[in-house]
Amino acid sequence: MARHGRSHVSPVNPLDLRAWLAEIRKLGELKEVAGADWNLELGAISELNVKKDSPPALLFDDIKGYPRGFRVLTCSTSSPARLSSILRLPVQKTHRGLVEALRGKPAQWQTAAAGFAPVLVSSGVVLENMQKQPDVLAFPAPLWHELDGGRYIGTGCSVVTRDLDSEWINVGTYRVQVHDRSHVALDMVPGKHGRIHYEKHKAAGKRFPVVIIAGCDPLGYLISGIEIPFGMCEYNYMGAVLNEKIAVVKGPITGLPFPAAAEIVLEGFVEPNDERSEGPFGEFHGYYPGKAGTAPVVSIERVYYRNQPILLGSPPAKPPNDYSYSKAVMRSALLHDALVAAGVPDVKALWAHEIGGARMFNVVAIKQRYAGHARQAGHILSQCGVGAYMSRYSVVVDEDIDPANLQEVMWAVATRTDPATDIDIIERGLGSKNDPMFVAYRYAAPLSSKAIIDACRPWEHLHDFPAVAEASKELQEKTRAKWKDLLAP
Ligand SMILES: Cc1cc2nc3c(=O)[nH]c(=O)nc-3n(C[C@H](O)[C@H](O)[C@H](O)COP(=O)(O)O)c2cc1C
């Protein structure tokens, strides 16, 4: 009990996108765009925008064929300032500042998550409007890329599902393709948590309840789009980041919870065995993978939305893309923690490169402590829960190499490896039908090989390995100080 006899009510957070938009508008990080077309133009503008050095977030209004106010937001997470504000860290203008501010936080959030179960509230702005006759095309779902198989209402979205034999609620980001006004397909890759929930319902012949959140505070899709441990609810993790529990309302049809200030929510069921064609779709690694596959289709029974709803889009494409920056930052931090948790000592720095969509080319720098340390770090990087999906190259370098600097990393690969002994190959690893190389693999299932490149100086030769032919730190500093004008960047 608090003083004055009133019970203490902790603040709850309904994941209101508009509060966050007001903040980034003040920071000068938001640009409003009028008159663009959902048919390829939103996608192409966003794609070109994100290739700029400091891309703003884009809020599209007056979208062709749609009433004013039915908006789409893109590029929400693609700058250090916006990403730090989403993560409720002190706002950082530089990439280095963000990485430093983030250090150690994911491990703290994960530990704290158990204490942040979401709080059920009776109402919220998400319920301002309801469609009993669902029409998902009332919202300007874009055709993002020229060869996409259709319009995608879900990219920067979160999909809420429940386990069949436990109370575990999972919130994952899976792309959502519009089939018609009341049917959407869900591309959940095997092994993803929502997919596991689905497979259990399918095996039991049961309807699979689904809620799709197509817009809220971007913390929502930032966390639902990254590998949070099996069995943990992402709402708890988001609460730990915010230091406030998430306020959710319960879907009247499915009982599944969604944020009280969500922008647009679709609610329905996958009927047993209702799987239809899905894709193709331009993906995070920069290709349209293979051909269209099949995916479970959700029959939408209700749509809820705020007045003047904002669809949160996050279109993938050849990197850098809408979310490659935020995924590089987040996955690097989570992988660093995963290696430490697995007992790898002296991890100095780690980077999941944007060129590999923050999945396919990951580099860790260690201070070698014992024979075999480098291989241990490389194999765990390649196989841990956060990293295993589509990890193609895992590179280990010594601590004098900056793992985020490709020039330095590839110099170490070129000069500190003996290919015959320093590249380990794992066959039949966790791959994906979305892998552009899948067409050429000899496996029928989504398996792929993985390489671990040990680009550290050989352990037995740490002391007689040739010295680096570069001015020493001290000589560099002295020279820079003396020749300031000549050497200024
Ligand atoms: C914008 C975006 C789109 C994504 N699309 C998909 C997708 O279509 N299918 C998929 O399996 N994973 C997709 N992912 C990756 C998953 O969200 C990610 O692996 C996440 O960990 C899945 O949640 P889960 O671990 O609870 O299964 C996407 C991620 C982002 C950020």
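Just so you know, ligand 1 is whichever comes first in the structure, and atom 1 is the first atom listed for that ligand.
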Distance (rounded to the nearest 0.5 Å) between Leu219 CG and Ile86 CD1: 7.5 Å
Atom 26 (O) of ligand 1: the protein heavy-atom neighbour that sits closest, reported with distance to 0.1 Å: Asn170 ND2, 2.9 Å
Numbered atoms of ligand 1 (with element) below 4.0 Å of Gly172, judged on heavy atoms: 23 (O)
Salt-bridge present (Glu32, Arg25; N to O < 4.0 Å): yes
Electrostatic pair Glu23-Arg18, nearest N-O below 4.0 angstrom: no
Atom indices of ligand 1 within 4.0 angstrom of Glu234 heavy atoms, with elements: 26 (O)
Ser314-ligand 1 polar pair, N/O distance under 3.5 Å: no
Cation-pi geometry met for Arg359 and Phe284 (6.0 Å, 45°): yes
Atom 16 (C) of ligand 1 [closest protein heavy-atom partner, distance rounded to 0.1 Å]: Thr173 O, 3.3 Å
Check: Met188 N/O within less than 3.5 Å of ligand 1 N/O: no
Shortest protein heavy-atom distance from atom 24 (P) of ligand 1, along with the residue and atom involved: Tyr174 OH, 3.5 Å
Within-cut-off N or O pair, Val171 and ligand 1, under 3.5 Å: no
Nearest non-hydrogen protein atom, atom 12 (N) of ligand 1: Lys192 NZ, 3.1 Å
Shortest non-hydrogen contact from Asn170 toward Gly194: ND2-N, 3.7 Å
Rounded distance [0.5 Å steps], NE2 in His353 versus CG in Asn362: 8.0 Å
Heavy-atom nearest neighbour in the protein, as seen from atom 9 (N) of ligand 1, with distance rounded to 0.1 Å: Asp187 O, 2.7 Å
Nitrogen or oxygen atoms of Tyr221 and ligand 1 under 3.5 Å apart: no
Lys327 to ligand 1, any heavy atom closer than 4.0 Å: yes
Tyr66 and Phe139, any side-chain heavy atoms less than 4.5 Å apart: no
SB check Lys327 Glu227 (cutoff 4.0 Å): no
Lys NZ or Arg CZ of Arg162 over Trp168 ring: under 6.0 Å, within 45°: no
Proximity to ligand 1 by part of Pro316, non-hydrogen separation under 4.0 Å: neither
Location of contacts on Arg195 toward ligand 1, heavy atoms closer than 4.0 Å: neither
Any Glu278 heavy atom less than 4.0 Å to ligand 1: no
Which segment of Ile226 sits under 4.0 Å of ligand 1 when only heavy atoms are counted: backbone
Among Gly191, Gly156, Cys233, Ser224, closest by any non-hydrogen atom to atom 20 (C) of ligand 1: Ser224
Enumerated ligand 1 atoms positioned under 4.0 Å from heavy atoms of Gly225: 17 (O), 18 (C), 20 (C)
Side-chain donor-acceptor contact under 3.5 Å, Ser432 with Tyr389: yes
Distance flag, aromatic centroids of His197 and Phe208, threshold under 6.0 Å: no
Flag side-chain contact, heavy atom, 4.5 Å: Leu17 against Pro218: yes
Cationic N near anionic O, under 4.0 Å, Asp337 to Lys105: no
Min N/O separation Thr155 to ligand 1 under 3.5 Å: no
Nitrogen or oxygen of Glu227 less than 3.5 angstrom from that of ligand 1: yes
Per-residue contact class, Val189 against ligand 1 - non-hydrogen pairs under 4.0 Å: both
Where ligand 1 meets Arg175 - atom numbers and elements under 4.0 angstrom, heavy-atom basis: 5 (N), 6 (C), 7 (C), 8 (O)
Numbering as shown, the atoms of ligand 1 that approach Arg359 to under 4.0 Å (heavy-atom distance): 15 (C), 18 (C), 19 (O)
Side-chain touch Phe438/Tyr443, heavy atoms, less than 4.5 angstrom: no
Close N or O approach (Tyr323, ligand 1; < 3.5 Å): no
